[in-house]
Structure formats: structure tokens, C-alpha cells
Amino acid sequence: PSPLCALAVSDERPAVMANRTIFDFEDFGGKNAPRLLEKFKDKYCCYNDDIQCTAAVVLGIVYGSLRISNMSLEDHNFLIYGAGMAGIGIATLISFCTSERGTL
């Protein structure tokens with residue numbers, strides 16, 4: 001792997017880098033990206049565009065349509081075609097938002 005990839009999966013990162021860097025675990029593969037996010041989420045500012053950013057955009061669109069239709073998120077069924085990281089992120093975020101702890 002490239003030096004950057006090796007640094008991303010290493011626990012031995014310089015402290016100065018952690019304080020001034022946002023880590024985007026993009027294109028690390030379906031198994032690695034969620035694992036890396038979970039591993040580093042409490043230590044560093046990190047995200048994965050496929051998992052989190054795409055889901056946030058889709059949820060914003062859904063909430064915009066809910067405002068127009070005067071319906072709630074719980075009134076809908078969602079079908080997400082495909083099992084890529086973006087689809088999994090969308091499903092996870094919608095599920096979170098429909099749970100008791102995540103209702104917006």
C-alpha cells in the first residue's frame with residue numbers, strides 16, 4: 001500500500017497530524033472503511049464520503065420532500081438498490097433517524 005494508506009491504518013500517527021488533519025477514508029474498500037471509521041472516530045476527525053456524505057445529502061433531500069408533503073419519515077418505506085457503502089450509509093442514517101433516539 002501507499003505510505004498514506006499505511007499511515008491511515010496505523011495507530012502510530014504524529015500528534016500534530018491528528019490535531020490538524022481531517023481523514024477521509026475514501027476508497028479503502030467495503031470492509032475497511034467502516035472498520036477504520038469505528039476505530040478512529042473518537043480519536044480523530046474522520047469520515048467516509050461514500051458512507052456518510054452521500055447519506056447526509058440523500059437524507060436532506062428526503063427531509064425536504066417531507067416538508068413539502070407534510071408527511072413524516074416513519075410514513076415511508078425505503079428501498080435501497082445495491083449493497084455498496086453509499087447504500088449502506090443511507091440505510092443506516094435513515095434507520096437512525098427513525099429510531100427513538102434519532103428522530104429529528
Side-chain angles (χ1 to χ4, degrees):
S2 74
L4 182 58
C5 291
L7 183 62
V9 297
S10 170
D11 287 325
E12 299 175 15
R13 189 173 295 109
V16 68
M17 190 175 178
N19 294 331
R20 299 180 185 174
T21 306
I22 298 172
F23 296 97
D24 175 10
F25 295 121
E26 182 73 23
D27 298 326
F28 275 77
K31 293 180 182 178
N32 292 322
R35 181 181 58 81
L36 291 171
L37 284 172
E38 185 62 31
K39 179 177 181 178
F40 293 119
K41 70 179 183 180
D42 296 326
K43 292 173 142 182
Y44 307 107
C45 183
C46 60
Y47 73 100
N48 178 278
D49 182 70
D50 289 339
I51 297 171
Q52 295 165 304
C53 297
T54 302
V57 169
V58 169
L59 194 66
I61 293 166
V62 168
Y63 271 104
S65 69
L66 294 177
R67 182 185 298 162
I68 293 168
S69 67
N70 292 318
M71 299 177 82
S72 71
L73 191 62
E74 292 80 7
D75 293 332
H76 295 278
N77 294 312
F78 294 90
L79 172 65
I80 298 164
Y81 182 76
M85 287 292 99
I88 291 169
I90 293 165
T92 300
L93 188 56
I94 289 173
S95 176
F96 174 79
C97 289
T98 56
S99 70
E100 287 183 43
R101 65 190 170 122
T103 301
L104 300 177

* Asked: Looking only at heavy atoms, which two atoms of Pro34 and Met85 are closest? And how far apart?
  -> CG-SD, 3.7 Å
* Asked: Do the side chains of Val57 and Val62 join up, straight or via other hydrophobic residues, at under 4.5 Å, putting them in one cluster?
  -> no
* Structure fact -> In this structure, SG of Cys45 is separated from CZ of Phe40 (nearest 0.5 Å) by 13.5 Å
* Asked: Atom SG in Cys46, atom CG in Leu36: separation rounded to 0.5 Å?
  -> 8.5 Å
* Using modelled atom types only, decide if a donor and an acceptor are shared between the side chain of Ser69 and the backbone of Ser65 within a distance under 3.5 Å. => yes
* Between atom OG1 of Thr54 and atom CG of Asn48, what is the distance when rounded to the nearest 0.5 Å? -> 8.5 Å
* Asked: Met71, Phe78: one ILVMFWY side-chain cluster at the under-4.5 Å cut-off?
  -> yes
* Distance, nearest 0.5 Å, that separates CD1 of Ile88 from CG of Leu93 -> 14.0 Å
* To do: Could you tell me whether the side chain of Leu59 reaches within less than 4.5 Å of the side chain of Ile90, counting heavy atoms only?
  => no
* Asked: Which atoms form the tightest heavy-atom contact between Leu66 and Leu73, and what is the distance?
  -> CD1-N, 3.6 Å
* Evaluate the side-chain proximity of Leu37 to Gln52: yes if any heavy-atom separation is below 4.5 Å, no if none is. => yes
